[in-house]
**Q** 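Pasting a structure below so you can have a look.
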Protein chains: 2
Amino acid sequence: MSHGRFSPESTRLDDAARAGWLYYVAGNTQDEIARKMGVSRQSAQRLVAMAVAEGLVKVRLDHPIGRCMDLAAALRDRFDLQICEVAPSDPDAPDLLTGIAIAAAAELERVLKSPEQRIISLGTGRSLRALVEQLPRMSCPQHVIVSRLGNMMEDGSATPYNATIRLAERVGAPHYPYPLPVLAPDARELRAMQQQLGVRNTLTLCARADISLVGIGQMDMTAPLHVDGFLPEPEIRELIAQGAAGEITSWIYDGDGRIMDCAFNRRVASAPLPANPEKPVVALASGTAKLPAIRAALKGRLITGLITSEATAERLLA
Amino acid sequence: MSHGRFSPESTRLDDAARAGWLYYVAGNTQDEIARKMGVSRQSAQRLVAMAVAEGLVKVRLDHPIGRCMDLAAALRDRFDLQICEVAPSDPDAPDLLTGIAIAAAAELERVLKSPEQRIISLGTGRSLRALVEQLPRMSCPQHVIVSRLGNMMEDGSATPYNATIRLAERVGAPHYPYPLPVLAPDARELRAMQQQLGVRNTLTLCARADISLVGIGQMDMTAPLHVDGFLPEPEIRELIAQGAAGEITSWIYDGDGRIMDCAFNRRVASAPLPANPEKPVVALASGTAKLPAIRAALKGRLITGLITSEATAERLLA
DNA sequence: TTGCCGGATGGGCATTTGCCCGACCGATGG
DNA sequence: CCATCGGTCGGGCAAATGCCCATCCGGCAA
């Protein structure tokens with residue numbers, strides 16, 4: 001079929017998509033694909049591999065595995081959750097993000113399919129990024145996507161893992177990046193920042209969000225806040241000593257899930273977490289390291305939804 | 001992990017789902033799955049196969065091409081087509097010819113690449129012209145290109161959009177223009193014309209063609225036959241009233257895809273359309289105006305192949 | 001108890017797939 | 001003009017997969 005007669009970039013991906021379709025959907029063997037597309041067997045293989053690598057093929061398992069459903073029901077019951085999904089774990093890679101990303105994507109897709117406007121607010125983190133990658137491209141101009149926290153460090157550079165922009169461009173919805181850095185220099189400047197009109201608007205959207213998806217950060221030396229440079233070692237040690245258990249959109253909370261009254265939190269510029277939220281606040285979190293943080297968040301009802309892995313669900317219920 | 005320890009029915013599917021998950025999502029090899037689930041390699045394979053067979057595994061191709069291939073497969077299935085291609089539509093210009101021209105060119109290129117002789121017969125129309133423009137220059141002296149209908153009006157002047165000549169010169173193949181006008185003055189003269197030796201030869205070639213590419217004409221006031229002056233307004237109105245739905249190489253057919261028994265068809269000098277063709281007769285057609293004509297042609301099996309646009313494909317399946 | 005039957009099991013093998021590697025092609029720069 | 005370099009191509013081979021088939025197991029009826 002077509003060689004590089006047209007724009008070589010796009011055609012190559014198109015061919016990859018075509019090969020992927022023939023392989024995964026139509027069930028052709030790579031030999032047949034090669035013949036049908038007029039390329040060598042190896043090229044066909046490369047095209048299929050590219051379709052996978054570029055994330056064109058999405059596999060979803062449409063079966064509530066009994067054990068996971070049981071765990072999800074138990075979690076919902078025990079922690080009074082509005083939303084709970086448990087994805088199977090690979091025993092050897094129990095913290096693989098793909099599983100919960102797919103489960104969360106399915107959940108979010110349901111929201112996105114609604115014809116009425118939905119305000120969707122997002123935190124940051126690797127799990128949210130993975131979630132976005134699992135979503136199909138859609139056209140949902142009726143919804144609004146808003147970030148619950150900034151993606152700038154104090155010096156103005158951007159943090160990675162910004163899910164909001166990617167989500168917005170993938171589903172074709174208007175989006176509101178968070179117009180402040182993660183941290184303000186001090187409490188006084190923070191108040192000044194929050195007076196700005198654009199900020200107040202974004203904060204209102206966050207407060208009205210129909211669903212919020214957030215990550216959960218642990219509080220140890222591998223804490224995202226520490227790794228990303230927001231929380232120097234002495235400060236995080238101090239906080240841990242004072243009982244810090246976890247963090248959601250940079251708000252640090254203690255073992256009972258209460259937002260701590262500390263210097264750091266007084267500088268946090270993220271949208272406030274609703275106390276006793278009516279609309280679901282769903283956390284995506286899994287892994288041994290995050291267990292105490294998840295437990296505390298559940299205990300303090302900082303979250304009313306949880307999407308996690310089988311292994312983590314088991315430990316939470318133990 | 002779990003063998004058939006519990007209700008054998010449900011757990012078996014659960015195991016299948018788990019195996020499928022480990023395979024497709026976590027990317028395990030079947031050996032690893034076997035080890036993790038404590039079954040033999042073959043059983044793991046069977047579980048994965050079952051997950052697929054039971055439809056637990058859903059593969060989605062997140063690329064415009066993917067949607068097109070789904071539509072093509074559905075059309076092939078629904079209308080029992082030998083060849084079907086669906087080109088992506090630009091939502092802003094859904095009836096642009098370029099897309100289907102490229103798809104058709106790819107199809108034709110494959111035929112042209114064959115080292116054995118192929119007889120290729122062509123109709124007329126803008127889509128066929130566009131198709132030819134998309135072909136690269138090649139050297140295929142082994143093939144034969146033949147026109148299925150004339151390009152002369154009754155007064156001897158030529159109609160535009162003659163694809164045969166352009167195709168022949170582009171791919172360097174011998175070609176046979178159709179040695180008659182589009183319409184004979186009446187049925188008697190038509191019979192006389194068809195006795196000529198050269199005509200009989202051309203008709204044989206058309207009947208033996210390994211692939212035929214044709215356009216489809218709609219039957220309304222924008223009908224190519226009317227616009228090009230072959231079908232004056234009173235006559236076309238009359239035909240529409242009698243149920244004319246479309247036209248292929250000037251043969252007018254009704255809503256069920258049956259060639260109509262009418263004065264016009266008795267004067268048509270084009271090669272006859274094969275009834276229940278064995279070799280593919282592929283139509284290039286897209287656009288809202290042509291929908292009824294395409295539907296009827298499919299219904300009557302006047303064509304066994306279709307190359308169309310995404311938008312048109314959707315409407316045909318609706 | 002015995003024999004039969006349906007379904008699951010794993011050995012074994014042909015096919016298919018993934019991937020390394022040397023060859024080749026076209027663009028770029030000296 | 002040649003050297004270089006990034007990228008693609010296809011040969012070849014080891015690993016992974018699909019599947020046939022002989023065997024085994026448990027239930028069941030004679």
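Convention: sequence-line order gives letters A, B, ...; per-chain numbering from 1.
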**Q** As a test of understanding, state which of Glu314(B), Glu85(B), Arg76(B) forms a side chain to side chain contact (heavy atoms under 4.5 Å, CB included) with Leu71(B).
**A** Glu314(B)
**Q** What is the distance from CE of Met37(A) to C1' of dC9(D), rounded to the nearest Å?
**A** 15 Å
**Q** Atom CD1 of Ile33(B) to atom P of dG10(C): distance rounded to whole Å?
**A** 16 Å
**Q** Check if the side chain of Arg46(B) and the base of dG18(D) share a donor-acceptor pair of N or O atoms closer than 3.5 Å.
**A** no
**Q** Checking Arg78(B) side chain against Leu317(B) main chain: does a donor-acceptor pair fall under 3.5 Å?
**A** yes
**Q** Less than 4.0 angstrom between a side-chain N/O of Thr29(B) and OP1 or OP2 of dT17(D), yes or no?
**A** yes
**Q** What is the separation between atom OH on Tyr24(A) and atom C1' on dT17(D), rounded to the nearest whole Å?
**A**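 After rounding, the reported distance stands at 13 Å.
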**Q** Distance check: side-chain N/O of Tyr23(B) vs OP1/OP2 of dT17(D), anything under 4.0 Å?
**A**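 Yes, such a contact exists.
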**Q** Quick one: the side chain of Gln42(B) and the base of dG18(D), do they pair up donor-acceptor inside 3.5 Å?
**A**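 Result: no qualifying N/O pair found.
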**Q** Under the 3.5 angstrom rule, does the side chain of Arg170(A) hit a backbone N or O of Leu135(A) as a donor-acceptor pair?
**A** yes
**Q** Round to the nearest Å and state the distance from Asp31(A) atom CG to dG10(D) atom P.
**A** 13 Å
**Q** Hey, is the side chain of Ser43(B) poking within less than 4.0 Å of OP1 or OP2 on dA8(C), counting only N and O atoms?
**A** no
**Q** For Asp14(A) and His63(B), what are the C-alpha separation, side-chain angles and deciding distance, and is it a side-chain hydrogen bond (donor to acceptor under 3.5 Å, both in side chains)?
**A** CA-CA 8 Å; Asp14(A) 283 1; His63(B) 191 279; 3.2 Å; yes
**Q** How long is the line joining CE of Met50(B) and C1' of dG18(D), in whole Å?
**A**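 In whole Å, dG18(D) C1' and Met50(B) CE are 15 Å from each other.
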**Q** How close or far is atom P of dT15(C) from atom CD of Gln30(B), stated in whole angstroms?
**A** 18 Å
**Q** With nearest nucleotide decided by heavy atoms, which residue, Arg41(B) or Val48(A), maps closer to the 5′ end of DNA chain C?
**A**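 Going by which nucleotide is closer to the 5' end, it is Arg41(B).
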**Q** Just the rounded figure in Å: distance from P of dG10(D) to CZ of Arg35(A).
**A** 15 Å
**Q** Give me the atom names and distance for the closest heavy-atom approach of Arg118(B) to His143(B).
**A** N-ND1, 3.0 Å
**Q** Does dC9(D) have OP1 or OP2 sitting under 4.0 Å from an N or O in the side chain of Ser40(A)?
**A**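 For dC9(D), OP1/OP2 do not have a side-chain N/O of Ser40(A) under 4.0 Å.
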**Q** What integer distance in Å separates Gln45(B):CD from dA8(C):P?
**A** 14 Å
